[in-house]
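Note that this is a predicted model, so its numbers are computed, not measured. Atoms considered below: every heavy atom in the structure, side chains included; atoms not considered: hydrogens, waters and symmetry mates. First the proteins, then the strands, lettered A, B, ... as listed; each starts at 1.
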Number of protein chains: 2
Amino acid sequence: MSLEIPEVVINRLPVYARALTELQLRGESVVSSQALGELLDVTPAQIRKDLSYFGRFGKQGRGYNVNSLLSKLREILGIDRQWRLILVGVGRLGQAIAEYGGFGPQGFEIVAAFDANPALVGRTIGGAPVLEIDELERFLKTTRVDIGIVAVPAGDAQPVVDKLVAAGIRAILNYAPITAHVPRDVTIRHIDPVLAMQSMTFYIKRAEPGAK
Amino acid sequence: MSLEIPEVVINRLPVYARALTELQLRGESVVSSQALGELLDVTPAQIRKDLSYFGRFGKQGRGYNVNSLLSKLREILGIDRQWRLILVGVGRLGQAIAEYGGFGPQGFEIVAAFDANPALVGRTIGGAPVLEIDELERFLKTTRVDIGIVAVPAGDAQPVVDKLVAAGIRAILNYAPITAHVPRDVTIRHIDPVLAMQSMTFYIKRAEPGAK
DNA sequence: GCCTGTGAAGGATTTCACAGCC
DNA sequence: GGCTGTGAAATCCTTCACAGGC
């Protein structure tokens with residue numbers, strides 16, 4: 001059924017949802033694909049086409065009801081519920097992730113963190129207990145976890161990903177600077193600001209005086 | 001000339017460069033598009049086609065020389081040099097970015113940070129002085145800065161982006177959870193782990209028992 | 001025999017453009 | 001008159017498949 005919805009479409013839905021949340025906050029009740037597109041630098045046709053994969057949410061002549069479109073999107077994406085995360089790697093990066101306040105309000109709760117460094121074990125980070133990495137498997141056997149966050153050094157990342165996958169985790173957010181491999185039925189996203197930087201330099205290099 | 005190179009291609013080059021760096025470290029001297037593709041979950045044809053936009057770097061029957069392909073890519077991307085960054089926003093997120101050690105080794109140096117909070121001004125963060133946000137314009141007039149990092153709250157982000165653009169910055173890495181607008185000649189990338197999470201939940205939601 | 005570089009084919013995604021409805 | 005939903009067209013991107021060179 002919905003198997004053939006392009007991944008690019010899925011990746012845009014959260015952006016739409018975010019904008020609708022903002023509009024809701026501002027007290028707007030209706031928005032057209034035109035107006036939403038201007039907010040997001042997306043063509044109106046694209047928004048309408050994207051939404052049409054999931055149903056007919058708009059009213060001709062009016063546009064979309066902000067509240068109801070937002071709740072539809074939240075339901076489609078599954079962000080209308082609580083998700084349970086674990087964090088693997090409690091170094092500087094891992095600590096920043098745990099203490100970054102952005103996940104909680106969106107329904108993503110870090111229920112535990114894991115690290116190989118015994119000095120960290122027993123602490124609490126962002127409200128979650130830090131456990132010994134060897135406990136990972138046992139923990140996952142007894143506790144429901146939906147998503148794993150990987151924040152270990154590059155060299156350790158693939159084995160950690162493998163462990164998560166073996167334990168049944170089906171979604172991974174990887175902050176380690178490697179291309180991690182997962183089976184096709186596992187979803188993975190990579191966060192790497194260095195890669196983002198390195199693609200930007202291509203464009204600003206060209207704009208320099210003397211560039212070809 | 002090179003204006004028509006697809007952006008998707010540019011975005012993959014840093015990934016190739018990263019893998020080649022790893023191969024170099026391992027002491028490999030030659031790699032085929034096949035082997036590189038397996039490392040990166042990319043088809044060999046795609047790698048060859050991507051590279052063909054920029055020249056002919058391989059040898060039939062052998063593959064690519066790791067060192068020379070890597071330096072070509074570094075040159076193409078402009079990551080063969082030092083880039084000067086400023087960071088705007090020295091809250092928790094900004095501090096984590098400044099202290100994250102990943103930029104420096106890749107040639108990205110944060111030369112100054114800016115914040116509106118006077119309590120932070122005068123401090124040093126990740127080796128960079130924290131300056132008053134009002135000094136931003138003057139600072140950019142007297143100092144070369146290539147890329148701006150935006151790590152302010154959502155509501156402040158667009159005005160900060162506008163200031164950076166007005167001051168001549170042509171590349172922006174935005175960590176704020178908004179779709180920021182920039183003129184077409186400015187490059188912007190967004191880092192938002194929440195959006196990444198929210199697109200993954202779509203897929204794991206479907207895999208749940210009882211999901212349609 | 002192995003592997004690149006690349007036109008051509010195929011597939012995916014975006015945009016157009018308009019019928020239909022409010 | 002304004003705006004959605006959507007087939008069809010256009011564009012963009014990926015993959016194929018093979019000539020050519022090592």
Side-chain angles (χ1 to χ4, degrees), chain A residues 1-16 19-20 23 28-70 72-73 76 179 184 199 202-203, chain B residues 1-16 19-20 23 28-70 72-73 76 179 184 199 202-203:
Chain A
M1 260 279 75
S2 47
L3 274 174
E4 70 288 323
I5 294 167
E7 187 171 328
V8 276
V9 172
I10 301 304
N11 291 337
R12 280 191 294 263
L13 298 188
V15 180
Y16 299 164
L20 288 164
L23 289 171
E28 307 281 340
S29 64
V30 176
V31 69
S32 65
S33 59
Q34 171 79 43
L36 190 56
E38 275 163 22
L39 234 42
L40 297 177
D41 271 336
V42 163
T43 65
Q46 178 153 108
I47 293 173
R48 295 201 302 276
K49 174 69 86 173
D50 285 351
L51 296 178
S52 77
Y53 282 101
F54 302 96
R56 307 156 59 108
F57 306 121
K59 279 207 185 61
Q60 281 117 323
R62 305 254 309 131
Y64 301 88
N65 178 290
V66 171
N67 291 344
S68 76
L69 180 56
L70 178 55
K72 279 291 176 195
L73 285 180
I76 290 163
T179 302
R184 241 181 344 290
S199 66
F202 174 80
Y203 294 101
Chain B
M1 258 286 75
S2 47
L3 275 172
E4 70 284 325
I5 294 168
E7 188 171 329
V8 274
V9 172
I10 301 304
N11 291 338
R12 280 191 295 263
L13 297 187
V15 181
Y16 300 164
L20 288 164
L23 289 172
E28 308 279 342
S29 65
V30 177
V31 68
S32 65
S33 59
Q34 171 79 43
L36 190 56
E38 277 164 21
L39 233 42
L40 297 176
D41 272 334
V42 164
T43 65
Q46 179 153 110
I47 292 173
R48 296 202 300 276
K49 174 68 89 175
D50 285 352
L51 296 177
S52 77
Y53 282 101
F54 302 96
R56 307 156 57 107
F57 306 122
K59 279 205 186 59
Q60 280 119 325
R62 306 257 303 133
Y64 301 87
N65 178 290
V66 170
N67 292 344
S68 78
L69 180 56
L70 178 55
K72 278 292 176 194
L73 284 180
I76 289 164
T179 301
R184 241 181 344 291
S199 66
F202 174 80
Y203 294 102

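Nucleotide C/dC3 holds its P atom 16 Å from the CG atom of B/L69, rounded to whole Å. A straight line from CD of B/Q34 to C1' of D/dT15 spans 14 Å, rounded to a whole angstrom. Atom OH in A/Y53 sits about 7 Å away from atom P in C/dT13, given to the nearest Å. As a whole-Å value, the separation of B/D50 CG from C/dT6 C1' is 13 Å. Regarding B/R62, its CZ atom lies at a distance of 9 Å from the C1' atom of D/dC22, rounded to whole Å. Computed from coordinates, the A/E4 CD to C/dA12 P distance equals 11 Å when rounded to whole Å.
The side chain of A/R48 lies closest to D/dG5, out of D/dG21, D/dC18, D/dG5. The listed nucleotides are D/dC3, C/dT13, D/dG5; the one nearest the side chain of A/S32 is D/dC3. Side-chain proximity of A/Q60 to the nucleotides D/dT6, D/dT14, C/dC22 is greatest for C/dC22. Candidate nucleotides C/dT14, D/dC13, C/dT15 were compared by shortest atom distance to the side chain of A/A45, and C/dT15 ranks first.
Residues B/P44 and B/R48 are in side-chain contact: their nearest non-hydrogen atoms beyond the backbone lie under 4.5 Å apart.
Distances shown here put every side-chain N or O of A/T43 at or beyond 4.0 Å from the OP1 or OP2 atom of C/dT14. A sub-4.0 Å separation between OP1 or OP2 of D/dT14 and a side-chain N or O of B/R12 is present. Between C/dT13 and A/Q46, no contact under 4.0 Å exists linking OP1 or OP2 to a side-chain N or O. Taking 4.0 angstrom as the limit, B/Y64 places none of its side-chain polar atoms (N or O) nearer than this to OP1 or OP2 of D/dC22.
Nearest heavy-atom pair, A/F54 versus B/F202, reported as atom, atom and distance to 0.1 Å: CE2-CE1, 4.1 Å.
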side-chain contact (heavy atoms from CB on, under 4.5 Å) between B/S29 and B/V66, intermediate numbers included = CA-CA 5 Å; B/S29 65; B/V66 170; 5.6 Å; no

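When each of A/G61 and A/E7 is assigned the nucleotide of DNA chain C with its nearest heavy atom, A/E7 is the one assigned upstream, toward the 5' end.
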